[in-house]
Amino acid sequence: MNFNEIEKKWQKYWLDNKSFEAVTGSDKEPYYILVEFPYPSGSGLHVGHVRSYTAQDAKARMMRLKGYNVLYPMGWDAFGAPAEQYAIKNHIHPKDAVKENIKTFKNQMMSLGFSFDWDREFSTTDPEYYKWTQWQFLEFYKHGMAYKEKVPVNWCPNCKSVLSNEDAAGGVCERCGEQVIQKEKSQWMLKMSEYSEDLLKGLDDTHFAPKVKLGQINWIGKSTGVELDVDIVDGGKFSVFTTCIETIYGITFFVIAPDGKLIKELLPRVKNKEEVLNYIEETKKKSNMDRTELNKGKTGCILEGIEAIHPITKKRVPIFLGDFVLGDYGTGAVMAVPSHDQRDFEYAKAHNIEMIQVIEGKDTTSSAFEKQDYLNTGAKLINSEEFNGLTVEEAKEKITEKLINMGIARKVNNYKMRDWIFSRQRFWGEPIPMIHCDKCGWVAMDEKDLPLLLPDVANYEPTEDGESPLANISDWVNTKCPKCNGPAKRETDTMPNWAGSSWYFLRFMDPKNTHEFASMSAMKYWNKVNWYNGGMEHTARHLLYARFWVQFLYNIGLVPNKEMIDVRVSHGMVLGSNNEKMSKSKGNVINPDDIIKEYGADVLRTYEMFMGDYEQDAPWSTETLKGCKRFIDKVIKLKDKVVDGNEISKSLEKIINKSIKKIELDYDNMSYNTIVSTLMILTNTYLEQEKITKEDYRILLTLLNPIAPHVTEELNEMIGNTPIVKSSWPKYDEEKTIDDTIEIGVQVNGKLRGSIKVTNDMSDDEVINLSKNQENVKKHIEGKEIIKTIVIKRRIVNIVVK
RNA sequence: GCAGGUAUGGCGGAACUGGCAGACGCGCUAGACUUAGGAUCUAGUGGAUUCUUCCGUGCAGGUUCAAGUCCUGUUACCUGCACCA
């Protein structure tokens, strides 16, 4: 059997017959299965893609056989740095590079037989698509959700571009690994922080995997506490945020952020201006990395000439500057309680500041007694006037109450999640459809003029000064103000690559729509993405951006649900055979094309499903792959045993029914590896038979079809059946999944001593008698007193003796 | 440091609400067929053993007639976040 030929044959058949067309509005029940669309990079499809695409493909094919109207689409996330860099490196226009790469990817996907509805294909770089990305940006802008602000941003000196906090995680550039530094730049921002609470609450309406939900919760980073006003001697005040208001009597100093607004206000009153300014400058030079990893020493200096007043005791308290306080979190200032916070403790030691212990229970001369150690332990307050003797939990309430009554505090939630920096100094992204006019300021482009196309130019490399390459193209930049018609300039920054992927799953529901990004009726029909799969590396950010985007659209009435993704799961990586991440430098990369050529797409698909727990990483093993080839060969060999017959063989009835049931359950649990092993067992059982009927064979082929679609279609055709793709999933009969007689173990004192065959109608007494008559069991209970006998139906017998 | 996850033969991994640990596959051993085998088929394969048992799911305890599974403690590795007040 020439698998290359039959694979091509069936791929053509499916395409010609539109076998996988998803029809919006069909009477069948809709089911939307999604995989993350890839960056069409120059290196082609990775075996990791094959794993998740096959898993979802098998699910899609199975659901179609079960009668669902399945939407399983594919497209291309082709904007962004990887495509641009590839183009620069290979000296071609990104547009052409992307076209080329998409072709490669699509061919590879075709050769794997994925059942995508190719009629719905699009790329985020298509003007017909990014027109709507731009249109949605304007919606953000019109609703006050997009704004431009000069902010200290993460800057990658190598890529010459601004990075979002997410892209600069850990203080290094996500793309090139270069150290990120801080730079002030005027950037478009989306007010994602306004959605913190909604994004948190919305998780309840989803069925994301627990670890995925947790990832979201961690990014949002909610903490509940108290914002407290603090007066300054000789006038003025500032606020601090704390989650430990119970330690208020332990305050011995305040610390404010060197990069925050507060210090700018206070600066005129500071006496040691030079020292303070020096420290501020120093902080600016430090990258994120320095502030977190390399420089945990508690640097800083006191603000001379400024003192705070303790809100309750009215004592004078010094104020310090310290870069362990962040300007953009909370109020940019903290109350420092060195006895009960390790950072404050270290700072106090470094600057010789006194400490007051206010919670009893630990010696605080060498380290702080922190909240994670005292909370919920019944620890009591000391040195806290009328609150002495209260537990921490009681004091938290009482002190908060007192401060609120005094009018100097309020309960506040803070979130780590910041606004989304939406500007990139890049060529290869969606142009931001904004125009700056000296008279009118920022003006949104007219919707009618969208899409704002990227200019066709030869030079698209980033400029030295960090401006977008678009800034050099004066034809494009110079335009007229939509408001006053005077001379104006276009925004030259482009959108981040996360933009296009934040709503692509909506477009798939209605990809050809020319007058809206997707019609409400189409979105209502498909309702939600039922099952979304992607890598763990995207679960935090991409999912958060996409959910934010959708929630915004929902709030302005443009999508039917606040959450448009119901189930989200993440697959494990395919590692190299040495158990390390596949990479060119390690020489452990497996190219799917080579495997398809040598073993066929069906074997590769089967193997990737079989290789291990779907959510866990798994190393590549060509040996195991060969085992899967043997399995497929066995299925082919079975054809020689087939005799006419439209009934299931009596001898196979049980195992067939059991297998169908097991496989359905496994699809729900994403246990793809046990689906394959169940099919292997079924095949092995068939092989033991003298003859099998056409019906036996047809059922096996149908069950295997979602995973190995080509060879099963071919074999099915050879025995004269209509194509599986036009048939339906076999039904099982619950009654026939139960064996009449089974063998169960017999234990004595919990140790296995024998086994017996039992039938369904046997009474417990009969089972016990049978057990006791077992040779080996007899030996172990002889001359001993039987204390207890436990019979678990169809499972086990345990005789307890003394 | 914080949060989460994982730990089962030589290897990848099975084991539903606690109920015969090691399914299935790889590898290995022996045999058959072969000029040949890196093809195929058959049998075996957790360890130890006095051949009947004993020991075995990271480690130490506990609950139970019964624990990979539940509880307490602990170790190692992986992932994410990381001076977030």
Side-chain angles (χ1 to χ4, degrees), chain A residues 169-171 210-211 213-215 217-219 221-223 225-226 240-244 247 255 257 288 291-293 295-298 322-326 328-337 341-344 346-347 370-372 414-418 536-537 539-540 572-573 577 579 606-607 610-613 615-628 630-631 633-634 637 662 665 669 671 673-681 683-684 687 743-755 776 779 787-801:
Chain A
K211 66 174 174 181
K213 278 195 185 182
L214 203 82
I217 292 168
N218 284 343
W219 264 114
K222 178 178 181 171
S223 61
V226 172
V240 295
F241 173 73
T242 179
T243 56
C244 305
T247 62
V255 187
N288 257 350
R291 273 175 83 159
T292 56
E293 294 274 326
N295 196 17
K296 282 201 171 166
K298 294 292 177 281
D323 66 4
F324 77 91
V325 178
L326 307 173
D328 59 350
Y329 179 79
T331 62
V334 299
M335 58 179 235
V337 185
D341 183 290
Q342 192 57 30
R343 289 161 313 169
D344 299 349
E346 282 162 25
Y347 196 91
E370 295 197 273
K371 61 177 167 187
Q372 65 264 26
N414 261 309
Y415 303 88
K416 285 191 219 175
M417 194 174 72
R418 316 290 153 88
M536 196 60 204
E537 71 274 19
T539 43
M573 272 186 297
S577 51
N579 240 310
T606 306
Y607 167 62
F610 185 62
M611 69 195 315
D613 182 338
E615 292 186 271
Q616 223 71 41
D617 293 350
W620 180 267
S621 158
T622 304
E623 294 308 317
T624 305
L625 174 92
K626 285 180 189 163
C628 292
R630 254 169 251 165
F631 163 58
D633 285 343
K634 280 183 191 174
K637 218 164 72 180
K662 165 91 173 123
L665 194 75
N669 296 331
S671 298
N673 53 341
T674 55
I675 292 173
V676 178
S677 75
T678 302
L679 289 166
M680 284 173 170
I681 294 168
T683 301
N684 290 342
L687 277 170
E743 204 170 296
I744 63 167
V746 181
Q747 300 179 332
V748 178
N749 284 351
K751 292 227 157 86
L752 189 69
R753 297 300 178 194
S755 67
N776 201 33
K779 222 164 73 187
I787 303 169
K788 205 173 177 183
T789 314
I790 292 128
V791 179
I792 308 292
K793 276 232 169 356
R794 301 176 59 79
R795 292 239 184 253
I796 208 154
V797 177
N798 193 6
I799 301 168
V800 186
V801 297

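Protein chains get the first letters and strands the later ones, always in sequence-line order, with residue 1 at the start of each. Basis for what follows: all heavy atoms, side chains included, without hydrogens, waters or symmetry-related copies.
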Practice problem: For residues Val748(A) and Val801(A), determine if any side-chain heavy atom of one lies less than 4.5 Å from a side-chain heavy atom of the other. | Solution: yes
Quiz prompt | Pair Ile796(A)-Gln747(A), side chain to side chain contact (heavy atoms under 4.5 Å, CB included): steps then yes or no | solution = CA-CA 8 Å; Ile796(A) 208 154; Gln747(A) 300 179 332; 3.4 Å; yes
Quiz item: If the C1' atom of rU57(B) is compared with that of rA14(B), how far apart are they to the nearest Å?
Solution: 12 Å
Quiz prompt | Lys634(A) vs Leu687(A) side-chain heavy atoms within contact, under 4.5 Å | solution = yes
Quiz item: On a whole-Å scale, what distance lies between the P atoms belonging to rC54(B) and rC2(B)?
Solution: 44 Å
Quiz item: Can you check whether Tyr415(A) and Trp219(A) have ring centres sitting under 6.0 Å from each other?
Solution: no
Practice problem: May I ask you to decide if Met573(A)'s main-chain N or O and Asp617(A)'s side chain share a donor-acceptor pair within less than 3.5 Å? | Solution: yes
Quiz item: Tyr607(A) has an atom OH; how far is it from atom C1' of rC26(B), in whole Å?
Solution: 10 Å
Quiz item: Starting at NZ of Lys626(A) and ending at P of rA39(B), how long is that distance when rounded to a whole Å?
Solution: 7 Å
Quiz item: When the distance from CD1 of Ile217(A) to C1' of rC84(B) is rounded to whole Å, what number comes out?
Solution: 17 Å
Quiz item: What integer number of Å spans the P atoms of rC11(B) and rC28(B)?
Solution: 15 Å
Exercise. Enter syn or anti for the glycosidic conformation of rG62(B), syn applying to angles within 90° of 0.
Key: anti
Exercise. Taking the side chain as every heavy atom from C-beta outward, state whether Val676(A) and Met680(A) have any pair of such atoms under 4.5 Å apart.
Key: yes
Exercise. Tell me whether the OP1 or OP2 atom of rU53(B) has a side-chain N or O from Arg753(A) closer than 4.0 Å.
Key: no
Exercise. Figure out the CZ/P separation between Arg630(A) and rA39(B), and round it to whole Å.
Key: 6 Å
Practice problem: Going 5' to 3' through nucleotides 6-20 of chain B, assign each nucleotide B (protein heavy atom under 4.0 Å from a base atom), S (under 4.0 Å only from sugar-phosphate atoms) or - (no protein heavy atom that close). | Solution: ------BSS-BB-BB
Practice problem: Give the nucleotide from the list rA85(B), rC84(B), rA39(B) with an atom nearest to the side chain of Lys371(A). | Solution: rA85(B)
Quiz item: NA contact type, Thr242(A), heavy-atom cut-off 4.0 Å: base, sugar-phosphate, or nothing?
Solution: sugar-phosphate
Quiz item: With respect to the phosphate group of rA85(B), does any side-chain polar atom (N or O) of Tyr329(A) fall under 4.0 Å of OP1 or OP2?
Solution: yes
Practice problem: Mind checking Lys751(A) for me? I need base, sugar-phosphate or nothing, with any heavy atom below 4.0 Å counting as a touch. | Solution: sugar-phosphate
Quiz item: How is Lys637(A) classified with respect to the nucleic acid when contacts are heavy atoms under 4.0 Å: base, sugar-phosphate, or nothing?
Solution: sugar-phosphate
Quiz prompt | Dot-bracket summary - RNA chain B, pairs being Watson-Crick or G-U whose distances fall under 3.5 Å, with | when paired to another strand | solution = (((((((..(((......[....)))((((((.......))))))(((....)))..(((((..]....))))))))))))....
Self-check item: Separation of atom CH2 in Trp219(A) from atom C1' in rA3(B), rounded to whole Å
Solution: 14 Å
Quiz prompt | Rounded distance in Å - CG (Leu625(A)) to C1' (rG27(B)) | solution = 15 Å
Exercise. Could you check which of rG25(B), rA85(B), rG4(B) has an atom nearest any side-chain atom of Leu214(A)?
Key: rG4(B)
Quiz item: Quantified in whole Å, what is the C1' atom distance between nucleotide rG44(B) and nucleotide rG9(B)?
Solution: 15 Å
Practice problem: Please work out if Gly627(A) contacts a base, only the sugar-phosphate, or nothing of the nucleic acid, heavy-atom cut-off 4.0 Å. | Solution: sugar-phosphate
Practice problem: Indicate whether OP1 or OP2 belonging to rU53(B) is found under 4.0 Å from a side-chain N or O atom of Lys779(A). | Solution: yes
Quiz item: Can you tell me how far P of rC81(B) sits from CE of Met417(A), to the nearest Å?
Solution: 15 Å
Quiz prompt | Pair Thr622(A), Tyr607(A): side-chain N/O donor-acceptor within cut-off below 3.5 Å | solution = no
Quiz prompt | Spacing of Ile675(A) atom CD1 relative to rC24(B) atom C1', expressed in whole Å | solution = 13 Å
Quiz item: Can you tell me how far C1' in rC70(B) sits from the matching atom in rU17(B), rounded to whole Å?
Solution: 12 Å
Quiz item: With a non-hydrogen cut-off below 4.0 angstrom, is Asn684(A) in contact with a base, only sugar-phosphate, or nothing?
Solution: sugar-phosphate
Exercise. Taking atom C1' in both rU34(B) and rC24(B), compute the distance separating them and give it to the nearest angstrom.
Key: 30 Å
Quiz item: Taking for each residue the nucleotide of RNA chain B bearing the nearest heavy atom, is the 5' side occupied by Asn218(A) or by Ser223(A)?
Solution: Asn218(A)
Quiz item: Taking the same atom, C1', in rU69(B) and in rU8(B), what whole-Å distance lies between them?
Solution: 12 Å
Quiz prompt | Rounded C1' spacing from rA67(B) to rA15(B) in Å | solution = 13 Å
Exercise. Indicate yes or no for a side-chain donor-acceptor contact from Asp344(A) to the backbone of Val337(A) under 3.5 Å, with no hydrogens or angles considered.
Key: yes
Quiz item: Which residue lies toward the 5' end of RNA chain B, Ala540(A) or Asn776(A), if each is placed at its nearest nucleotide?
Solution: Asn776(A)
Exercise. Report yes or no: does Arg343(A) contribute a side-chain atom to a donor-acceptor pair with the main-chain N or O of Asp341(A) at less than 3.5 Å?
Key: no
Practice problem: Anything under 30° is parallel, anything over 60° is perpendicular, the rest tilted; go ahead and classify Tyr347(A) against Phe324(A). | Solution: tilted
Quiz item: What nucleotide, of rC83(B), rA3(B), rC24(B), holds the atom closest to the side chain of Met680(A)?
Solution: rC24(B)
Exercise. Keeping the roles fixed (side chain from Asn749(A), backbone from Lys751(A)), state whether a donor-acceptor pair exists under 3.5 Å.
Key: no
Quiz item: Hey, does Phe631(A) have a side-chain heavy atom less than 4.5 Å from the side chain of Phe610(A)?
Solution: no
